[in-house]
Amino acid sequence: MEKLFINIKELVQVRSEAPQFVAGAQMNELPIIANAFLWIKDGLIKEYGSMDACPALTDVETIDATGRLVLPAWCDSHTHIVYAGNREGEFVDKIKGLSYEDIAQKGGGILNSTKVLANTSEDELYEQSKERLLGVMREGTGAIEIKSGYGLTVDSELKMLRVIQRLKAEFNLPIKATFLGAHAIPEAYKNNKEGYLLLLTDVLLPEIKKENLADYIDVFCEKGYFSVEDTERLMQAGAALGIKAKIHVNQFNAIGGVAAGVKNNALSLDHLEVINDEDIVAIKDSKTMPVALPGCSFFLNIPYTPARKMIDADLPIALASDYNPGSAPSGNMNFAVAAACIKMKMTPEEAINAATINGAYAMGVEAEVGSITVGKKANLLLTDKVNSYHSLPYNFGSNLIDKVFISGEEHS
Ligand code: NIG
Ligand code: FE
């Protein structure tokens, strides 16, 4: 299978040698080639360059991209797309004035999704999740991380992780699975958090390891959920089995989870709507990627991660959707990029870097995707006719993506 894109108006995020991620001032550099070609073979990027150097190929499918852009597909490093039903009732409660915390205190929130998921068969859960995955791929996602965390029992957590495993087997894009048993304390353990932690570390984790069901471990480190001490304990239990951490931290309160995450070599620290100067110092010069989730800030009306302050302090940042039924019921990465520019004052260059190369790093797939680099997967976006890559965030809410390619095959 070979394809040749010709006359590409802008080939975006071209890296002959891709760095693992970009940080600080480098985030504002987005290398492009104007009037470019891109040749893909066997699902991989074979060659690219200026049209002047376009090889004369016969017997290849040629796509004339006059007026259009080609970019690496979005890399969404934080989602919860495996869930059952929806939380539209809570959405209306929120409009009427209840906060995310108020809803959780009434027994809604994560525990509401847990009840619905417990009564949903694995096959049905797979079908619902598959539709969401197909939807976000149409919107341009070409690599994705998916979490458990609406099970909160041995059977239901394994059910979720098996659904992710099935998605990995059925779909041709990089998918990473994250075990988020520590998403909330389930009803049955409400007065016995220690018992629940033991269930996670001594029963679930070994079984997950045995069946190879998770690439990462996650914890909701937050007041009323899991403390910094609990979070460290879970990260260490994961590390003992070779499973790295990616954690939810500083969504509502800065309680010290950032330093703990860095100390325990977490691959990413996600949310960070509330971040203090010590947190920024802790992340600086580490290998831990901070991840902002602007869809969650938008939907919950909470502060946006202070990306400007972080980038100006030389930190990297990745953008992800957080697609979930409670705090961000959309997996549209185009929206994340636009909101990052409009609400977080990131430049289009910074936002596109954050949603491609840095997003890939935040889920450990940077060697495969995230940039236009020879040998990487041909997971690509072909836009409509647009003015420049600035159009993507500028025309927020518009779908400017014409086609999505996964390993060189058009996704429909
Ligand atoms: O990333 N904050 C914790 N977890 C999710 C929300 C989960 C839910 O409300 O269902 C988040 O925002
Ligand atoms: Fe999340």
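For ligands, and for the atoms within them, numbers begin at 1 and follow the listed sequence.
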Taking the side chain from Asp270 and the backbone from Leu293, do they hold a donor-acceptor pair closer than 3.5 Å?
no
Counting only N and O atoms by type, is there a donor-acceptor contact under 3.5 Å from the side chain of Lys46 to the main-chain atoms of Lys3?
no
Excluding waters, how many protein N/O/S atoms sit closer than 2.8 Å to the Fe ion (ligand 2)?
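Protein N, O or S neighbours of the Fe ion (ligand 2) under 2.8 Å, waters not counted, come to 4.
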Would you call [X] and [Y] a salt bridge, taking side-chain N to carboxylate O under 4.0 Å as the test?
X      : Y      : result
Arg162 : Asp155 : no
Arg308 : Glu350 : yes
Glu194 : Arg233 : yes

Below 6.0 angstrom between ring centroids: does that apply to Phe299 and Phe91?
yes
For Lys343, does the NZ atom sit with more than 12 other heavy atoms under 6.0 Å from it, leaving out its own atoms?
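Not buried by this count: 12 neighbours or fewer within 6.0 Å.
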If you draw the axis of the six-membered ring of Tyr83, does the NZ or CZ of Arg132 fall within 45° of it and under 6.0 Å from the ring centre?
yes
Can you work out which protein residues put a heavy atom within less than 4.0 Å of ligand 1?
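Contacts of ligand 1 under 4.0 Å: His78, His80, Arg87, Tyr100, Ile110, Tyr150, His183, Phe220, His248, Gln251, His271, Asp322, Asn324, Gly326, Ser327.
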Side chains of Leu213 and Gln165: does their closest heavy-atom pair fall under 4.5 Å?
yes
